[in-house]
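Here is the structure we will look at.
One-based numbering along the sequence shown. All figures in this text were calculated on a predicted structure; none of them were measured in a lab.
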Amino acid sequence: MGTVDSANKDVTFSLADKKPIVVFVLGGPGSGKGTQCAKIVQQFHYNHLSAGDLLRAEIKSGSENGTMIQNMIKEGKIVPSEVTIKLLEKAMLESGNDKFLIDGFPRNEENRAAFEAVTKIEPEFVLFFNCPEEDMERRLLSRNQGREDDNIETIRKRFKVFLESSLPVIEYYKAKGKVQEIDAAKPIEEVFEAVKVVFTPKDEKVTA
């Protein structure tokens, strides 16, 4: 038992020691998070980590951990925060980078508290893509990416879950002055102009 604990501790220490810059990226389904993350990666050289993608990759790997995750999802259970956080930590350490966009996590207050407790890392800030529900609905219904969860009832359910679980996380960081809110209802390029302002160091913002 001690060896597992010490192995986990090593991961935590080495990650916290690297003092990585972590940005949580939050926004409802269809708010354009993925598109904007790709642009941030390209221009500002962050690593983009999606909690959902990491869980899916772990399931695909056929590992013991992956099978456990798959069974939990099948049974409609929520994957424990620690499981997702360990996957995020591993991906951060293996990337060789020290700047990360963590997309779609934390999904709720429990995720948030667990992330800070396990990694000993607080996010630099939270990038919140705020978009009215009707705009998100329109985008999701028109994109038709072959996702079976893009029908109107499911979209509304996902939006309701986002409001109930993720908004308290945004409020928590807002109270700490750590939320950068972006109007995500605008066209992609306009949204990215606002994002660029957030990511450009203060001393580079001075224009002639």
Side-chain angles (χ1 to χ4, degrees), residues 1-27 33-34 36-37 40-41 43-59 61 63-66 68-69 72-73 77-129 161-162 164-182 195 198-203:
M1 181 73 192
T3 51
V4 175
D5 279 353
S6 55
N8 286 347
K9 274 184 186 145
D10 289 346
V11 170
T12 304
F13 285 139
S14 47
L15 189 58
D17 289 346
K18 279 176 77 176
K19 296 193 169 40
I21 293 171
V22 169
V23 175
F24 289 148
V25 183
L26 296 175
K33 291 196 314 287
Q36 295 298 327
C37 282
I40 297 165
V41 166
Q43 184 146 349
F44 297 101
H45 313 297
Y46 275 69
N47 257 51
H48 175 211
L49 299 175
S50 154
D53 287 352
L54 288 172
L55 287 167
R56 283 187 283 274
E58 190 68 16
I59 290 168
S61 75
S63 70
E64 201 178 319
N65 201 26
M68 182 265 291
I69 294 166
M72 293 196 79
I73 292 171
K77 292 179 183 165
I78 290 171
V79 177
S81 298
E82 278 72 16
V83 173
T84 308
I85 292 163
K86 288 290 168 219
L87 291 174
L88 285 166
E89 277 188 322
K90 187 166 170 273
M92 286 161 87
L93 278 170
E94 287 172 357
S95 75
N97 199 346
D98 62 353
K99 300 194 295 187
F100 302 95
L101 301 171
I102 297 186
D103 176 4
F105 187 93
R107 280 181 180 271
N108 53 40
E109 264 294 289
E110 193 264 334
N111 277 174
R112 177 202 65 72
F115 183 87
E116 291 188 11
V118 172
T119 64
K120 308 286 182 280
I121 294 166
E122 262 204 51
E124 194 77 5
F125 59 89
V126 174
L127 190 62
F128 172 38
F129 289 104
V161 167
F162 169 74
E164 286 170 359
S165 55
S166 298
L167 279 184
V169 175
I170 291 160
E171 290 307 320
Y172 172 85
Y173 286 118
K174 220 175 231 177
K176 290 177 158 244
K178 284 194 167 204
V179 173
Q180 297 283 356
E181 191 167 323
I182 303 287
V195 168
V198 172
F199 281 88
T200 303
K202 303 278 183 289
D203 52 351

Evaluate the side-chain proximity of Pro168 to Asn108: yes if any heavy-atom separation is below 4.5 Å, no if none is. no
Run the salt bridge (charged side-chain N to carboxylate O under 4.0 Å, His left out) test against Asp98 and tell me which residues pass, sequence neighbours left out. none
Partner set under side chain to side chain contact (heavy atoms under 4.5 Å, CB included) for Lys176, not counting sequence neighbours: Glu122, Tyr172, Tyr173, Lys178
Val23 and Val126: CA distance, side-chain angles, deciding distance, side-chain contact (heavy atoms from CB on, under 4.5 Å) verdict: CA-CA 6 Å; Val23 175; Val126 174; over 6 Å; no
Which distance, rounded to the nearest 0.5 Å, do you find between the OG of Ser166 and the CG of Leu26? 5.5 Å
Are the side chains of Ser63 and Met68 in contact, using a 4.5 Å heavy-atom criterion? no
Taking every heavy atom of Asn97 against every heavy atom of Tyr46, the minimum-distance pair comes out as ND2-C, 3.8 Å
For Leu101 against Cys37, the heavy-atom pair lying closest together: CD1-O, 3.9 Å
Under 3.5 Å, side chain of Lys99 to main-chain N/O of Phe44, donor-acceptor pair present? yes
Counting C-beta onward and ignoring hydrogens, is there a side-chain heavy-atom pair between Gln180 and Phe128 closer than 4.5 Å? no
For Glu82, salt bridge (charged side-chain N to carboxylate O under 4.0 Å, His left out) partners two or more places apart: none
Using every non-hydrogen atom in the two residues, find where Glu116 and Ile121 come nearest and quote the distance to one decimal. CG-O, 3.5 Å
Residue pairs passing the ring-ring contact (aromatic ring centres under 6.0 Å, His included) test where at least one lies in residues 87-127, sequence neighbours excluded: Phe24-Phe115, Phe125-Phe199
Could you give the distance from CG (Leu55) to CG (Asn65), rounded to the nearest 0.5 Å? 9.0 Å
What is the minimum heavy-atom distance between Thr84 and Ala51, and which atoms define it? CG2-CB, 3.8 Å
So which atom in Met92 and which in Pro20 form the shortest heavy-atom distance, rounded to 0.1 Å? CE-CG, 4.3 Å
Tell me, with the steps shown, if Asp53 and Asp103 meet side-chain contact (heavy atoms from CB on, under 4.5 Å). CA-CA 10 Å; Asp53 287 352; Asp103 176 4; over 6 Å; no
Check against side-chain contact (heavy atoms from CB on, under 4.5 Å), Glu58 and Leu87: CA-CA 8 Å; Glu58 190 68 16; Leu87 291 174; 3.4 Å; yes
Pairwise side-chain contact, Met72 with Val83, heavy-atom cut-off 4.5 Å (strictly under): no
Mind checking the OG-NE2 spacing from Ser95 to His48? Nearest 0.5 Å is all I need. 13.5 Å
According to side chain to side chain contact (heavy atoms under 4.5 Å, CB included), who are the partners of Glu171, at least two apart in sequence or on a separate chain? Lys174
State the CG-NZ distance between Leu54 and Lys90, to the nearest 0.5 angstrom. 9.0 Å
Indicate yes or no: at least one non-hydrogen side-chain atom of Asn47 is less than 4.5 angstrom from one of Ile102. no
Among residues at least two apart in sequence or on other chains, which ones pass salt bridge (charged side-chain N to carboxylate O under 4.0 Å, His left out) with Glu64? none
Using distance alone, with no hydrogens and no angle criterion, decide if Glu89 and Thr119 have a side-chain donor and acceptor under 3.5 Å apart. no
Does the side-chain hydrogen bond (donor to acceptor under 3.5 Å, both in side chains) test come out yes or no for Asn111 and Ser81, once each step is laid out? CA-CA 5 Å; Asn111 277 174; Ser81 298; 2.8 Å; yes
